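Read through the structure below, which is laid out as structure tokens, and then see the notes.
In what follows, chains carry the letters A, B, and so on, assigned in the order in which the sequence lines appear, proteins first and then strands, with residues in each chain numbered from 1. Everything quoted here is computed from the prediction, not taken from an experiment.
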2 protein chains.
Amino acid sequence: MKKKRSIYDVANELQVSVTTLSFVLNGKGQEKRISKEVIQKIENYIKETGYQPNHLGRSLSTGKSKTIGMIVGDINNPFFSEVASGIEKIALKAGYTLIVASSNNELNQMKSVIKLLNDRNVDGFIISPIAGIEETLADLKKEGKPMIIFNCFFPDLNTFNIVVDNKKGAFEATRHLYENGFRNIGFITLNLYSQKERIEGYTNFIESQQLNTNILKLPYELNYEQIINKITSFITSNDELDSVFFSTNFLTLGGLKAISRLGGKYAKMGIVSFDDHLLYDVLNPGITAIKQPVKQISATIINHLLSMLDKDADKKVEPQTIMFPVELIVRASSSKR
Amino acid sequence: MKKKRSIYDVANELQVSVTTLSFVLNGKGQEKRISKEVIQKIENYIKETGYQPNHLGRSLSTGKSKTIGMIVGDINNPFFSEVASGIEKIALKAGYTLIVASSNNELNQMKSVIKLLNDRNVDGFIISPIAGIEETLADLKKEGKPMIIFNCFFPDLNTFNIVVDNKKGAFEATRHLYENGFRNIGFITLNLYSQKERIEGYTNFIESQQLNTNILKLPYELNYEQIINKITSFITSNDELDSVFFSTNFLTLGGLKAISRLGGKYAKMGIVSFDDHLLYDVLNPGITAIKQPVKQISATIINHLLSMLDKDADKKVEPQTIMFPVELIVRASSSKR
DNA sequence: TTGAAAGCGCTAACAA
DNA sequence: TTGTTAGCGCTTTCAA
């Protein structure tokens, strides 16, 4: 691997000082009143010979790595991967590189990737938190690291949060089933902090109708087959159930599988899913789903983080919680058939 | 943001020299014959006070960033996200951070992210290439950058490649339809280099039976609705078609949607999809699919890259092509109904 | 308008 | 066995 040219080499070749070269390289030529000709000469030469400054040297010197660390539950979850790719696009344009890491919804894993990314000098964080991580986040905040919390958040933590209205979404979804004539609505969810609001939304509606809640809260760690089994026994052992509201996409998949295996009368159960999916439209019946405004979420996250990162912005970005509405996409699965 | 302690600060606090400290920090205590007591003292102190060396300084000094750059077509594609997350897990354990970037199958985008990651001093690359990128890869190779090519590769390029047997997979899938009685088998694919072998596999089988090929090659840039429309008109304008083989997951989704919209006799078409999907099992009929051994692929990629990166390995890793078999998961969609 | 030089935090050759 | 110190490549203050 041949050694790369350093700024000194190039300065030498060009017969200018490193200072001058550095200024021009960073677009500060004007500001520093370097002569037009020199600027031109340098820029042309750079373009021709293709010199690229070493990022590490720059980062070490400036203390900025131009890198953003993002921590999600699981990059295989389409919600996260879509948010991540939306963020990546905008970040790239702004000169930032995005590093995405998965916590697998495991506290120690999350702590260690936060530490890892912090040690790697990421300039800012984008985090989908899990229960138990409050302190780590508080520390990060105390350190002064810019960060955005998304998907769910800790009200006590005074961070900048970007979420959707999970509670209302779940409430409306449940109401929708109710209005379509379902009276025994089960709710299948995960034991994750991020599900808290959805559980509340469901519970609120059910209780507002003096009905009984019926919640299955599954451990996150289960694999697909285990989920199918758990759901199957939940459904069969609650024989009065006429409909189910699934709290995440992955659960819906498991649930659909369970129901399709059961067949018979179960095939007529009402179904709503939190999070939409391309295939829901193709299924028969189509699956009614709550859709999150992914594009908006990702754009909002990265734009706010970028302005936190932008030191020129003299006005500090105040902590706040931005909440997007969700949309109920009605398909056949939520009506009596 | 309070300034972090440097190795000098810590050395001072500990009353040892930076060298000693640095050696111990890098686990070279034994090797450098630092006294047991000093090593212990340092390690304890570090643990208590939580000092973490600055990666940038280290990288600048060693010339190694302990970072791997991965370039995929689109991180939202489940195949890529699964491979990426498998790689990430192993890389993390080996002390490497993975940066995943999407090329969106766009040549300039791919060139620019390769350049970006290279400027960021990634130690190695993992790349799913597209047509036109040969030269860039050749340059990278000339530079001596360790890299692994996956998904598809350029036979002329003498790189380390990890792929599945696309040709055979496509051949067998087509044969499977044929053996189930279908005679007018269409093939719907994308205008991507990665599809080349699949097209060949399909074509080879069809021609081996003296049948006519019927291929729809769609531009990658199309969105979901456009794909549905193109597929719809392909199907309706080729009225003799009795079955379709979809070359990627995303096309299958579009195709299923198109077929479900068309309804009627089209609902009985034979269908096979390249790449499996959780939901294929839930659909009615279940979708027959070719499954790639994702876990094996990701493990193989990262393990080989790691050994290329490991300078202790005196034996160089020779360029070669590792080809995994694929598996045909037979479901109802590929039989006459 | 340009140049010299001191750092940024770490590694490692060399000296002691 | 430990300490001194010269880089790694870049930015930026200060001086000219």
**Request:** Nearest 0.5 Å please: distance from the CD1 atom of I297(B) over to the CD1 atom of I162(B).
**Result:** 9.0 Å

**Message:** If I take atom CG from residue L98(B) and atom CD1 from residue I75(A), how far apart are they, to the nearest 0.5 angstrom?
**Reply:** 10.5 Å

**Prompt:** Only one of D74(B), N76(B), N77(B) forms a side-chain contact (heavy atoms from CB on, under 4.5 Å) with S81(A), so which one is it?
**Reply:** N76(B)

Can you check the [X] [atom1] to [N] [atom2] distance for me, whole Å?
{"X": "L60(B)", "N": "dA6(D)", "atom1": "CG", "atom2": "P", "value": "17 Å"}
{"X": "F23(A)", "N": "dT12(D)", "atom1": "CZ", "atom2": "C1'", "value": "6 Å"}
{"X": "I7(A)", "N": "dC8(D)", "atom1": "CD1", "atom2": "P", "value": "14 Å"}
{"X": "L25(B)", "N": "dC10(C)", "atom1": "CG", "atom2": "P", "value": "8 Å"}
{"X": "Q52(A)", "N": "dG9(D)", "atom1": "CD", "atom2": "P", "value": "15 Å"}
{"X": "R58(A)", "N": "dC8(D)", "atom1": "CZ", "atom2": "P", "value": "18 Å"}
{"X": "D9(A)", "N": "dG7(D)", "atom1": "CG", "atom2": "P", "value": "14 Å"}
{"X": "R5(B)", "N": "dC8(C)", "atom1": "CZ", "atom2": "P", "value": "16 Å"}

Base, sugar-phosphate, or nothing: which does [X] touch, judged by heavy atoms less than 4.0 Å apart?
{"X": "V16(B)", "result": "sugar-phosphate"}
{"X": "S35(B)", "result": "sugar-phosphate"}
{"X": "K28(A)", "result": "sugar-phosphate"}
{"X": "S6(B)", "result": "sugar-phosphate"}

**Asked** Side-chain donor-acceptor pair under 3.5 Å between N104(A) and S102(A), yes or no?
**Response** no

**Prompt:** So does S22(A) get a side-chain nitrogen or oxygen closer than 4.0 Å to the phosphate oxygens (OP1/OP2) of dT11(D)?
**Reply:** yes

**Request:** For dC8(C), take OP1 and OP2 only and decide whether either is under 4.0 Å from a side-chain N or O of N54(B).
**Result:** no

**Asked** Between Y8(A) and Q15(A), which is nearer to the 5' end of DNA chain C once each is assigned its nearest nucleotide?
**Response** Q15(A)

**Message:** So, under a plain 3.5 Å distance rule, would you say the side chain of T20(B) forms a donor-acceptor pair with the base of dT1(D)?
**Reply:** no

Given [options], identify the nucleotide with an atom nearest to the side chain of [X].
{"X": "S61(A)", "options": "dT11(D), dT11(C), dG9(C)", "result": "dT11(D)"}
{"X": "P53(A)", "options": "dA5(C), dC10(D), dG9(C)", "result": "dC10(D)"}
{"X": "Y51(A)", "options": "dC10(C), dG9(D), dT12(D)", "result": "dG9(D)"}

**Asked** Quick one: does E134(B)'s side chain have a donor or acceptor within less than 3.5 Å of a partner on G132(B)'s backbone?
**Response** yes

